[in-house]
S.K.: 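Take this structure, written in structure tokens, and hold onto it; I'll ask about it next.
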Amino acid sequence: MSNPAVPPRSLAEALRARDDVSLAALLRARPDLITPVPTDLTQLATRAGTRASVVRALERLDRFALQTAEALAVAADPAPYGELLALLTGDDGDPAVSAALPRALATLREQALVWGDDERLRLVRTARELLAPAPQHPSPTGLGPTVQEATAGMSPGRIQDIVTATGLGSTHDSVSAVASLTALFTDRERMSALLAGLPEESREVLSRLVWGPPYGQVTAEPAAHLRRLLDLGLLVPTAPGTVVLPREVALHLRGGRAHREVEPLPPAVEPAATHRPQVVDATAAGQAYTALATVEELLKDWDEGGPAVLRAGGLSVRDLKRTAVALDVAEPVAAFWVELAYAAGLLASDGEADERYAATPAHDEWLEQPPAERWTRLAEAWLTATRVSGLVGGRDAKDRTLSTLGPGLDRSAAPEVRHRVLTLLAGLPEGASPSRESVLARLRWERPLRGPQREDDLRSRLAEWTVTEAELLGVTGRGALSGHGRALLGASAPRTPDKAPEGPGDKLPVHHRPTVAEPLSPAEQATASAAAARLLAPLLPEPLDHVLLQADLTAVAPGPLQRSLAEVLDVLADVESKGGATVYRFTPGSVRRALDAGQSASDLHAFLAAHARTPVPQPLTYLIDDVARRHGHLRVGAASAYVRCDDDALLNEILADKRAAGLRLRRLAPTVLAAQADPASLLDGLRAMGFAPAAESAEGDVLITRAHAHRTPPRTAPEPVPDGPPVPDATLLSAAIRAIRAGDLAATTPRRQTDQPQPASGELPRTSSAETLATMQAAVLTGEALWIGYVNAEGSASQRVIAPIRVEGGFVTAYDHTADEVRTYPLHRVTGVAELAEE
């Protein structure tokens with residue numbers, strides 16, 4: 001363990017000085033560092049400095065932490081805490097920045113982006129390269145290179161001319177000359193006097209460059225006011241026709257600030273409107289019921305086999321339009337419902353040669369669940385899905401159109417953005433709906449874009465879609481988070497200022513405290529979903545067991561119907577309109593459909609009498625009796641096909657009808673007609689002529705036709721695309737830290753000096769078999785620990801610190817400090833052994 005009194009000389013030493021809690025925080029914040037687990041702390045430090053890992057860590061910083069890192073990138077290396085504070089607060093100071101800086105610096109240290117004590121703060125080299133000014137990529141601060149960097153390619157004579165023009169004494173070398181210029185430009189009084197002597201045009205040029213970009217263009221013969229700036233070194237040429245404003249000059253003009261605007265605190269999420277919580281919950285529950293009805297209608301529409309799968313995958317534009325018309329919604333909303341059902345595992349492709357989309361077996365199980373539980377399954381799928389329906393209709397990197405259910409819709413950031421937006425809503429008072437602008441501003445502060453800000457950045461679009469989709473799904477009502485939505489998120493009611501417990505975070509306003517820190521584990525989510533279902537269930541409308549029959553051959557369902565009633569009514573009548581009440585219309589075709597499904601006229605009369613709150617109208621009774629009287633009077637079978645009927649006059653009528661010419665009918669017997677058309681075509685043709693034939697089997701029985709429910713083979717819901725390595729749990733963290741510590745002990749423990757050549761750091765010790773055996777046996781007697789090199793059965797080499805207990809039969813049994821347990825190793829796999837130095 002390093003001596004805490006001695007400042008660390010490297011990031012590895014800084015990590016070595018940390019305790020296990022601090023290392024666990026680092027690995028939790030940057031899980032890519034333990035994929036796979038490093039062998040020691042030196043390897044962990046090396047991995048923490050790689051470009052990919054540093055970029056990922058920088059992208060997850062909030063705006064102020066990122067501004068702190070950007071300020072360190074333009075400060076001296078190393079920089080004292082006071083210099084960093086001055087770059088962020090400027091000459092006038094800023095109490096809010098001063099109060100927030102320790103927390104931001106602690107974040108950077110925790111994530112191993114900054115190391116060193118407050119007198120020698122060092123930004124990780126890779127982060128400095130990414131954030132420091134360079135001609136290829138300007139600094140986010142808008143600052144340019146230092147005087148020393150800008151004059152690196154300048155001739156010594158030219159540097160001396162600048163020193164003389166500024167009134168400084170000439171020096172004998174360029175190094176001291178540049179140091180004199182730097183001292184002048186960082187001296188506030190002398191710099192103010194120098195600038196005061198410039199013409200107004202020269203000061204105007206500097207003001208245009210001060211906040212960046214610091215580069216400008218000049219002609220081969222610059223004007224007098226530009227020549228004056230070049231002579232004084234206030235502008236330095238970097239290439240033909242290009243000049244740069246040195247960093248020290250810009251900082252003086254900025255009043256010492258590295259950023260034009262420093263944002264130490266997150267912007268508040270402002271309520272746009274406030275509603276009674278009961279109104280919010282009722283609105284959200286109504287929308288939740290609509291969501292369930294819409295998904296059920298979608299899957300019912302695809303029950304016998306849905307649209308075909310495109311060759312490239314997904315739905316065609318025509319099929320999406322047809323689905324939108326069937327659901328009576330806009331196409332983007334239809335895409336959302338289709339993707340939601342797919343994410344919940346309720347529909348998939350059937351995998352047949354003529355591949356089509358259809359409901360899965362899980363859909364039938366889902367229908368049997370209570371409505372509230374069905375809703376929580378949809379909501380859970382939406383929260384964790386990485387597929388984003390809002391991208392449908394856009395273009396991918398290869399300029400191909402993105403289609404519903406097709407490839408290219410996964411965005412790994414989607415679950416995190418949805419969770420964060422709902423968490424921000426949970427932090428508001430109950431019933432309060434936020435303004436979208438304040439939500440987007442907060443998200444941009446928490447995850448700012450490095451480089452030029454774009455209004456159409458992905459996180460902002462994901463946030464806007466989240467707000468819309470949460471309302472469609474019934475997680476929110478009137479823009480505010482509902483009670484069951486709050487329970488689904490695992491959030492408690494927001495704390496009020498007068499009841500907030502005291503703690504380190506209480507210096508922040510209440511709306512800055514996150515209600516939920518991170519997404520729930522599967523077990524916690526199951527508990528939260530059960531609580532959400534309990535809250536939602538009383539708010540959903542109870543299914544009705546009756547309809548209102550009207551004399552115009554319609555039936556009105558004033559609310560949701562029981563499943564058995566709705567299924568029969570969907571066969572017996574056609575849906576005419578939807579809304580708060582559903583209107584069904586009875587037609588000869590719909591009644592015949594019910595008779596084809598095996599119902600008799602008496603069954604239909606009994607059904608209507610049992611479920612009608614009003615008397616059955618006489619026109620409806622006549623309609624059913626009339627269709628039933630004619631239904632099955634004609635019988636169609638396979639000859640190719642035939643028609644038989646006891647009434648030969650009716651057969652004569654069919655033969656005389658010119659519309660039957662296409663069926664090519666001929667009489668086989670007084671009661672039988674044969675046709676060359678197949679039975680299905682014969683049925684359709686006779687029905688088009690106004691008859692009501694019934695199909696019969698080879699045995700002469702009437703065939704009962706029911707809708708054929710097409711199901712896919714068992715399918716699992718699509719797996720979300722992870723946004724990098726998963727956050728390790730406590731067990732993995734503990735094991736990883738123990739392994740890293742043990743490996744570091746094996747790599748850094750001093751070895752006893754001997755006459756034999758010592759292996760270089762990181763190399764395995766090499767000794768002969770006889771020397772290895774003798775050293776092991778001696779260690780058993782003395783109880784000393786040894787450093788060994790070991791190669792396992794897979795050929796992986798490692799270093800270990802062991803305390804031998806017993807040596808026999810070609811094996812050594814020892815306490816392995818690396819694994820923190822007693823193990824037995826074959827001696828022939830030990831490459832060498834070395835004694836450890838005495839403490």
Side-chain angles (χ1 to χ4, degrees), residues 1-2 12-13 15-16 18-20 23-24 27 33-47 725 728-839:
M1 189 70 68
S2 301
E13 286 192 8
L15 294 178
R16 199 164 284 125
R18 291 191 179 194
D19 57 17
D20 289 353
L23 279 181
L27 299 179
L33 299 183
I34 57 170
T35 309
V37 177
T39 57
D40 54 37
L41 288 169
T42 300
Q43 189 178 89
L44 177 63
T46 302
R47 194 176 296 175
D729 57 20
T731 303
L732 177 58
L733 280 177
S734 177
I737 291 173
R738 187 168 63 249
I740 294 172
R741 292 280 193 206
D744 199 60
L745 175 65
T748 60
T749 302
R751 282 79 184 176
R752 182 176 298 175
Q753 294 295 326
T754 66
D755 295 335
Q756 300 296 326
Q758 296 294 310
S761 176
E763 293 183 2
L764 300 182
R766 298 286 177 180
T767 56
S768 66
S769 300
E771 290 173 329
T772 298
L773 180 59
T775 306
M776 292 280 190
Q777 291 172 337
V780 171
L781 298 176
T782 61
E784 294 180 349
L786 301 175
W787 176 53
I788 67 169
Y790 181 73
V791 179
N792 64 13
E794 287 77 28
S796 299
S798 60
Q799 305 174 48
R800 300 173 180 273
V801 175
I802 67 171
I805 301 172
R806 183 174 60 254
V807 179
E808 60 183 9
F811 292 88
V812 56
T813 301
Y815 175 75
D816 189 334
H817 291 272
T818 308
D820 194 21
E821 64 182 8
V822 175
R823 288 186 174 181
T824 299
Y825 298 103
L827 286 174
H828 70 275
R829 294 194 178 277
V830 178
T831 63
V833 62
E835 297 178 347
L836 303 182
E838 297 179 357
E839 293 293 339

S.K.: Can Leu41 and Glu13 be said to form a side-chain contact (heavy atoms from CB on, under 4.5 Å), step by step?
M.R.: CA-CA 8 Å; Leu41 288 169; Glu13 286 192 8; over 6 Å; no
S.K.: Sort out for me which residue in Arg829, Arg823, His828 forms a side-chain contact (heavy atoms from CB on, under 4.5 Å) with Tyr825.
M.R.: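 Answer after filtering Arg829, Arg823, His828: Arg823.
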S.K.: Side chains of Tyr790 and Ser796, heavy atoms from C-beta outward: is any pair under 4.5 Å?
M.R.: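 Answer no - side chains too far apart.
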S.K.: Check Leu27, Asp20, Leu23 against Leu733 for a side-chain contact (heavy atoms from CB on, under 4.5 Å) and give me the one that passes.
M.R.: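 Only match with Leu733 under side-chain contact (heavy atoms from CB on, under 4.5 Å): Leu27.
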S.K.: Specify the closest pair of heavy atoms between Arg741 and Asp19, including all atoms of both residues, with the distance to one decimal.
M.R.: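 In this case the closest contact between Arg741 and Asp19 is NH2-C, 3.4 Å.
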S.K.: If I take atom CZ from residue Arg16 and atom CG from residue Leu44, how far apart are they, to the nearest 0.5 angstrom?
M.R.: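 So the gap between those two atoms works out to 10.0 Å.
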S.K.: Begin from the C-alpha positions of Val807 and Leu827 and carry the test side-chain contact (heavy atoms from CB on, under 4.5 Å) through to its verdict.
M.R.: CA-CA 9 Å; Val807 179; Leu827 286 174; 4.1 Å; yes
S.K.: Closest approach of Phe811 and Thr824, non-hydrogen atoms and distance?
M.R.: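 Looks like CB-CG2, 3.7 Å.
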S.K.: Where is the tightest heavy-atom contact between Val801 and Asp816, given as atom of each residue plus distance?
M.R.: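 Reported closest heavy-atom pair: O-OD1, 3.6 Å.
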S.K.: Please confirm whether the backbone N or O of Thr42 pairs with a side-chain atom of Thr46, one donor and one acceptor, at under 3.5 Å?
M.R.: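 Checked: pair present.
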S.K.: Which heavy-atom pair separates Met776 from Ile788 by the least distance, and what is that distance?
M.R.: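 For Met776 versus Ile788, the nearest heavy atoms are CE-CG2, 3.9 Å.
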S.K.: Output yes when a side-chain donor or acceptor of Thr775 lies under 3.5 Å from a complementary backbone atom of Glu771, and no otherwise.
M.R.: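 Answer holds: yes.
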S.K.: Please report the closest heavy-atom contact between Val812 and Pro804, naming both atoms and the distance.
M.R.: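 Closest approach of Val812 to Pro804, heavy atoms only: CG2-CB, 4.1 Å.
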S.K.: For Pro725 versus Thr35, what's the shortest heavy-atom pair and its separation?
M.R.: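 Result for this residue pair: CB-OG1, 3.8 Å.
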S.K.: If you define the side chain from C-beta out and look only at heavy atoms, does anything of Leu15 sit under 4.5 Å from Arg18?
M.R.: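 Result yes, sub-4.5 Å side-chain heavy-atom pair found.
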